[in-house]
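To start, the structure under review is shown below, and the notes come after it.
Quick caveat, the model's predicted, so the values are computed rather than measured.
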Amino acid sequence: MGERLLASGRDADVFAVDGERVLRRYRDGRDVTGEAEVMRHLRRHGYPVPELYGTGPGEMVLQRLHGPTMTEALVGGTVSAADAGAELARLLAWLHTVPARGTADPGARLLHLDLHPGNVVLTAAGPVVIDWCNAADGPPGLDVGMTALIMAQVAVGGDPRAEVAHAVLGALLRRAAVPADDLEAVVARRRADPNLSGEERDLLPVAAGLVLGAAGRT
């Protein structure tokens with residue numbers, strides 16, 4: 001079975017299997033059982049995730065999604081920052097109606113913890129959320145805070161998309177709240193991410209300040 005590289009992320013590569021399937025392969029060969037179970041749980045509750053066809057050591061065979069990522073649509077000008085921020089807020093709110101899987105805490109929900117425009121594919125049938133390797137149970141504010149902090153890191157990090165990211169952040173926070181305690185936990189979690197560069201870690205306090213400032217103006 002031939003494989004053609006479609007995309008590479010910080011810790012995984014995605015290969016085309018055929019017109020309907022892709023292979024997501026983690027470079028560290030991690031156990032994907034938990035991620036696969038999360039995706040099945042989400043599909044049972046009607047949340048838009050790719051169909052899972054099978055798993056193997058460090059890899060999953062998934063539905064091939066046709067359409068741009070939200071990031072690509074933002075850069076291409078086919079989606080506005082206001083609409084992107086609103087859509088992220090909607091997807092987060094929808095996700096947080098899905099019951100948690102591993103806790104009896106009535107306030108806990110299933111969280112993505114990396115739900116940013118690069119992980120939303122805009123298909124003809126609607127947005128689909130990908131990359132569930134960080135999913136965990138917890139308070140919804142933690143998830144909103146992570147999305148906001150990721151957008152803020154782009155906004156303050158000298159990225160050419162900084163202005164767009166700033167606008168998306170504002171639109172998101174007009175519709176979703178980030179409790180201060182949750183933001184502190186998000187910063188700590190983000191700082192521990194081994195995929196972050198030293199420069200990205202150094203900018204975390206500035207990014208967190210931007211989130212607080214944007215939230216205060218909404």
Side-chain angles (χ1 to χ4, degrees), residues 10-11 34-35 37-39 41-42 45 47-49 70-71 81-82 84-120 127 129-157 159 162 164-197 199-218:
R10 295 198 183 198
D11 54 9
E35 185 176 357
E37 290 176 351
V38 164
M39 294 180 68
H41 178 70
L42 287 160
H45 285 84
Y47 194 77
V49 299
M70 185 183 285
T71 297
E87 186 61 39
L88 290 172
R90 186 186 75 88
L91 288 168
L92 285 163
W94 183 1
L95 174 60
H96 300 153
T97 67
V98 177
R101 297 176 58 252
T103 176
D105 181 351
R109 292 292 183 270
L110 184 59
L111 313 180
H112 185 284
L113 295 175
D114 197 23
L115 209 170
H116 57 74
N119 280 335
V120 179
V129 181
I130 62 173
D131 194 359
W132 291 89
C133 63
N134 293 329
D137 296 335
L142 200 65
D143 218 5
V144 178
M146 184 63 79
T147 296
L149 185 63
I150 291 170
M151 299 311 303
Q153 284 185 280
V154 177
V156 303
D159 190 288
V164 171
H166 197 292
V168 173
L169 174 65
L172 168 70
L173 293 178
R174 283 192 288 274
R175 295 164 176 82
V178 184
D181 288 348
D182 287 334
L183 182 58
E184 289 182 14
V186 165
V187 171
R189 179 185 288 264
R190 188 74 173 156
R191 190 181 300 280
D193 186 341
N195 290 317
L196 257 62
S197 68
E199 180 181 0
E200 287 172 318
R201 287 191 181 87
D202 291 343
L203 285 172
L204 278 171
V206 180
L210 179 60
V211 172
L212 289 173
R217 291 195 298 270
T218 58

For [Y], does its backbone N or O pair with a side-chain atom of [X] as donor and acceptor, under 3.5 Å?
X      : Y      : value
His166 : Ala162 : no
His116 : Gly118 : yes
Arg10  : Asn195 : yes
Asp137 : Gly102 : yes

Determine the minimum heavy-atom distance between [X] and [Y], stating which atoms define it.
X      : Y      : result
His41  : Pro99  : NE2-O, 2.9 Å
Gly141 : Asp182 : CA-OD2, 3.3 Å
Asp131 : Glu35  : C-OE2, 4.2 Å
Ala208 : Leu149 : N-CD1, 3.8 Å
Leu142 : Ala185 : CD1-CB, 3.6 Å
His112 : Ile130 : NE2-O, 2.9 Å

Intermediate values then yes/no, side chain to side chain contact (heavy atoms under 4.5 Å, CB included), Val144 and His96:
CA-CA 10 Å; Val144 178; His96 300 153; 4.2 Å; yes
Could you walk me through whether Ile150 and Leu115 pass the side chain to side chain contact (heavy atoms under 4.5 Å, CB included) check?
CA-CA 9 Å; Ile150 291 170; Leu115 209 170; over 6 Å; no
List the residues meeting salt bridge (charged side-chain N to carboxylate O under 4.0 Å, His left out) with Arg201, not counting sequence neighbours, and say none if there are none.
none
Roughly how far apart are [X] [atom1] and [Y] [atom2], rounded to 0.5 Å?
X      : Y      : atom1 : atom2 : value
Leu91  : Tyr47  : CG    : OH    : 4.5 Å
Leu173 : Met151 : CG    : CE    : 10.5 Å
Trp94  : Glu87  : CH2   : CD    : 9.0 Å
Asn119 : Met70  : CG    : CE    : 10.5 Å
Glu37  : Leu42  : CD    : CG    : 12.0 Å
Asp11  : Asn134 : CG    : CG    : 8.0 Å

Could you tell me if the side chain of [Y] sits less than 4.5 Å from the side chain of [X], heavy atoms only?
X      : Y      : answer
Pro117 : Leu88  : yes
Leu172 : Leu92  : yes
Val178 : Thr147 : no
Gln153 : Leu210 : no

